[in-house]
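In what follows, every heavy atom counts, from backbone to side chain, and hydrogens, waters and symmetry copies are set aside.
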Amino acid sequence: VDKTLVKYRSVEIGIVKEISFNESHEQIIVTLEIEREMERLLKPDTLFWVVKPRVGAGGISGIGTLLSGAYLELSAGIEDGLKTEFIGLESPPVTPQNAPGVHLTLTSIGGKPIEVGSPVVHRGFKVGKVESFEYDTQERVISYGVFIAAPYDSLVTDNTIFWNAGGLSVTANAEGIKVDMAGLESLLIGGVEFDVLENQPLGARAENGQQFALYDSRDGIEKNRVYKFYEYLVLVDDSVGGLYAGAPVEYQGIRIGTVEKPYLKLDAHLEGIENIQADPRIPVLVHIEPGRVFENPNADLQGFISEIEGGMLIGLAAAIESANLLTGSLKVTLKYGSDPISEIERYGPYKVIPTRRAGVAAITDQVQNLLAILNSLPLDQTVDQANTAIGTANSTLATLEGTLKEFEKTLQGIQPSSAAYESLNASVEELRIMLKNLQPVIQDISNRPNSVIFGKPVIADEEPQVRK
Amino acid sequence: MLARFSILLLALSLAACSSSRSMIPQTKIYVLDSDLIASTDKQNATKVMLSRISIADYLDSQNLMIRKQGNEVSFARYHQWAERLPSLIHRSLMASLNRTNDSVLFVDQCDACAQIAVHIDHFYPNYEGDVVLAGIFEVLSSTGHAQQSQPFLLKQTQTSDGYTASVALMIKLLDLLGGEIAEVLVTGD
């Protein structure tokens, strides 16, 4: 009393005049004397707190009061009016009362806790603070009040995504190990980071008090992002073992939805379906989420759904296929190629996506068809005929072999090295010599035909002579 | 009268036949084998095959011939070879080769042997009194590839008349050819 000062922006404006208890002794009533000219600071939303040494997640504050002593500080409000009774704060407000910026509410369903005073970061740059948190026991969600200081409040738009950036994340993949953290402060005391996802339009600037979802991590954004959906049923004949809620619904490898429930409970009450157990098909509830395939979240999602339903009439059908061979998990895939239908079946309140057999079931069908074809073939008769043909071929081959041997002997007889060939050759040579020898006789007869009867005069041979 | 004339005509014909038969010279048959014996018992001798003898077509006659002035040749009627001339030459040359070289055994057939092939273009007595032997011989590898070709021209002058003297000189010329072939085989030149 008469010692503890009241300050506004470190300037003395008053002093504590009296300290007492209320009637129930549960509250401390501190009476202050404020300078008259400072009366305008006493607005209905003015805040008072005690400045003293504090050690918190945000660091150490109020060290100076160790020497000067504790004092009361106020943050002037902006509302109209005059108020003289206030409830003091347990701790100073995180952000000044009329600081320029935007106040937002982030809702989270769990994950790492965030302390009051934790930084709000945008691309590594601290732009705000977490002001408060509150746990709603009815909805079972945590709400965080955050403040983004100007001029950075313009960065927050309708398409901004917030995520818990506290701690660090370690990712190991084929490219190596990646460690991410928002900063040392976030590493130690947690924090929130925000940005607009790549290829997403910014959208309109966020307004004061606007609500956003707080995702557990950057990686969890795509997984847990909430899209607008349209519900359908897929009636499956095969096993759904390995199909879990959250499994993807894909078209040509592109995710377009999510499995909401791998099977409806047997006692589910569906309008128009009296006894779900009577149908042997297993109803799988899926959400078709057109927003997954559009960059602009304001695109015509209904048009996409119309396309899907039109496709069902001309052969688009769903099947349960393997998503991961190691874990055995399943997924729902949509593909064209089935028989067209005249209208979309309904199952209670749900439209039914036609089903087709795929994966092991389709292979089984094909194998069964092939076995049926093979079974119908007259294999016994064919084998008998083949045996008869083989027997005939064997005897024919034996005969042919004997013929070839005889032919070989014949060929040997007329080869150049054979006696017959040499004999023939010699005979031809003798005939040639004889003809050559006959040639002069024939020439003589030709010259003197009468020499056949009268002969020709005998003339002695001209013989070689010694050189003269 | 007519019968007598016929008998007289027949008798004259027969007389003419008998007198003409008595004027036909006797045919002489010749070979080219030398009297000298060639040794074929050679220890560790290299075998060489005398593969083939080829002669010019005009020489391949059973009748001996003489080359007259210019390019005229005359074949004898009554002087003949006992065999085909290539066979006679082959046998005579083989004997000559085996006589002249003790380190090489010349044979008719052998596997993977060097070979000698001889081609004769001129082998006859001429009007100048010389006997000529000319042609070319080849030394072939065991695979039949020609390694060396050597032409030859050999002459001997007759010292007496007649084909008998000519044949004797032809034998001598073949002997000389055998010597030339052996020398080429040994020296490689």
Legend entry - Salt bridge present between A:Arg432 and B:Asp60 (N-O < 4.0 angstrom): yes

Inset, instruction - Measure B:Arg84 against the heavy atoms of chain A and call it side chain, backbone, both or neither at under 4.5 Å. - result: side chain

Inset, instruction - Give a yes or no on this: more than 12 heavy atoms of other residues, nucleotides or ligands lie within 6.0 Å of atom OH of A:Tyr244. - result: no

Legend entry - More than 12 heavy atoms of other groups within 6.0 Å of A:Glu307 CD: no

Inset, instruction - Quick one: list whatever passes side-chain contact (heavy atoms from CB on, under 4.5 Å) with B:Leu176, sequence neighbours left out. - result: B:Leu154, B:Gln156, B:Leu173

Inset, instruction - With sequence neighbours excluded, tell me which residues meet side-chain contact (heavy atoms from CB on, under 4.5 Å) with A:Asp380. - result: none

Inset, instruction - Rounded to the nearest 0.5 Å, what's the gap from CD on A:Glu462 to CE on B:Met65? Could you check? - result: 11.5 Å

Legend entry - Residues in residues 159-169 of chain B near chain A [non-hydrogen atoms, under 4.5 Å]: B:Thr159, B:Ser160, B:Asp161, B:Gly162, B:Tyr163, B:Ser166

Inset, instruction - Please tell me if the side chains of A:Gln465 and B:Gln158 come closer than 4.5 Å, counting only heavy atoms from C-beta onward. - result: no

Inset, instruction - Answer yes or no: does atom CD of B:Gln109 have more than 12 heavy-atom neighbours from other residues, nucleotides or ligands under 6.0 Å? - result: no

Inset, instruction - Determine the option with the most heavy-atom pairs under 4.5 angstrom with chain A, choosing from B:Thr157, B:Ile66, B:Leu64, B:Asn63. - result: B:Ile66

Legend entry - Atom pair CZ/CG of B:Arg77 and A:Asp461 - distance to nearest 0.5 Å: 8.0 Å

Inset, instruction - Identify the residues of residues 121-134 of chain B whose heavy atoms come closer than 4.5 Å to a heavy atom of chain A, ordered by number, or report 'none'. - result: B:Pro125, B:Glu128, B:Gly129, B:Asp130

Inset, instruction - Taking atom CG of A:Asn394 as the centre, report whether more than 12 heavy atoms of other residues, nucleotides or ligands fall under 6.0 Å from it. - result: yes

